[in-house]
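These figures come from a predicted structure and were not determined experimentally. A, B, ... follow the sequence lines: proteins, then strands. Residue 1 opens every chain.
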Amino acid sequence: MEAFTLRAIRTIRSIPAGRVATYGQVARLSGSPRAARQVVRVLVSCSRSHGLPWHRVVGAPCRIALPRGVEFDFQLALLSSEGVEVSDDGTIEPDRFLWRPEPSAFFFEA
DNA sequence: AACATGACGGACA
DNA sequence: GTGTCCGCCATGT
């Protein structure tokens with residue numbers, strides 16, 4: 001298994017409940033800035049076997065990436081149950097729910 | 001080895 | 001805001 005896959009799994013597992021992260025964000029935090037598509041692969045192939053919080057990963061526009069359907073509804077329900085407000089079309093307000101890994105380091109700047 | 005495929009992202013019209 | 005195009009890169013044919 002690729003090292004990136006392991007790092008991605010760790011990154012995804014560290015997303016706190018009640019927050020969401022984007023594919024690109026997970027890729028960057030996992031050390032491979034342009035590996036968003038690999039993050040997709042990790043979610044599809046490992047979410048069940050590794051018990052990953054797959055529902056906390058969304059697309060760059062801070063919107064559920066799944067096509068409309070039962071999966072979409074399921075992700076929306078899971079996020080709602082964690083307190084994340086998701087609109088009917090799947091969009092989430094980044095200012096309120098996007099995960100910010102180390103806010104303390106920049107909290108007092110600017 | 002060449003080619004198609006993704007729960008994507010960014011740039012641009 | 002929406003739609004298109006192209007880059008990305010591990011996997012499966």
Side-chain angles (χ1 to χ4, degrees):
Chain A
M1 184 176 285
E2 290 293 314
F4 172 78
T5 302
L6 275 346
R7 291 198 301 275
I9 287 173
R10 275 207 307 276
T11 302
I12 294 166
R13 289 212 46 164
S14 62
I15 303 171
R19 286 301 180 83
V20 296
T22 69
Y23 292 87
Q25 188 176 5
V26 171
R28 287 192 294 278
L29 292 170
S30 303
S32 190
R34 288 168 288 287
R37 307 197 84 138
Q38 281 59 256
V39 175
V40 170
R41 211 181 47 68
V42 170
L43 286 181
V44 171
S45 63
C46 308
S47 59
R48 215 164 249 277
S49 57
H50 287 73
L52 299 178
W54 60 271
H55 56 285
R56 296 181 194 146
V57 185
V58 299
C62 212
R63 156 186 296 197
I64 290 179
L66 267 44
R68 303 251 182 184
V70 288
E71 289 261 51
F72 177 99
D73 293 335
F74 187 36
Q75 179 168 16
L76 198 156
L78 286 173
L79 288 172
S80 289
S81 71
E82 293 185 347
V84 177
E85 295 172 24
V86 188
S87 65
D88 292 349
D89 69 342
T91 60
I92 298 163
E93 294 174 41
D95 291 344
R96 301 174 60 192
F97 303 108
L98 186 63
W99 180 38
R100 297 194 165 61
E102 28 239 300
S104 58
F106 307 98
F107 193 74
F108 299 103
E109 295 188 19

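The 5' end of DNA chain B is approached more closely, in terms of each residue's nearest nucleotide, by A:Gln75 than by the other of A:Arg28 and A:Gln75.
In this structure, CD1 of A:Ile15 is placed 14 Å from C1' of B:dA7, rounded to the nearest angstrom. The nearest whole Å value for the distance from the CD atom in A:Gln25 to the C1' atom in B:dG10 is 16 Å. The OH atom of A:Tyr23 sits 19 Å away from the C1' atom of C:dG7 (whole-angstrom rounding). Here B:dG10 presents its C1' atom at 16 Å from CZ of A:Arg63, a figure rounded to the nearest Å. One interatomic measurement links the two molecules: CD1 of A:Ile12 to P of B:dC8, which rounds to 13 Å at whole-angstrom precision.
Note that CG of A:Leu66 and CZ of A:Phe74 are 11.0 Å apart. Values are rounded to the nearest 0.5 Å. Separating the CG atom in A:Leu6 from the NE2 atom in A:His50 is a distance of 7.0 Å, to the nearest 0.5 Å. With rounding to the nearest 0.5 angstrom, the CD1 atom of A:Ile92 is 11.0 Å from the OG1 atom of A:Thr22. Going from atom CZ of A:Arg68 over to atom CG of A:Asp89 covers 6.0 Å, rounded to the nearest 0.5 Å. Of the inter-residue distances, the one linking A:Arg13 atom CZ with A:Thr11 atom OG1 reads 12.0 Å to the nearest 0.5 angstrom.
Distance noted for atom C1' between B:dA7 and C:dT13: 22 Å (whole Å).
A side-chain contact (heavy atoms from CB on, under 4.5 Å) with A:Thr5 is found for exactly one of A:Arg41, A:Arg10, A:Gln38, namely A:Arg41.
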Close N or O pairs between protein and nucleotides 9-13 of chain C (under 3.5 Å):
| unit_1 | atom_1 | unit_2 | atom_2 | d |
| --- | --- | --- | --- | --- |
| C:dC9 | O4' | A:Gln38 | NE2 | 3.0 |
| C:dC9 | O2 | A:Gln38 | OE1 | 2.6 |
| C:dA10 | O3' | A:Arg41 | NH2 | 3.2 |
| C:dT11 | OP1 | A:Arg41 | NH2 | 3.3 |

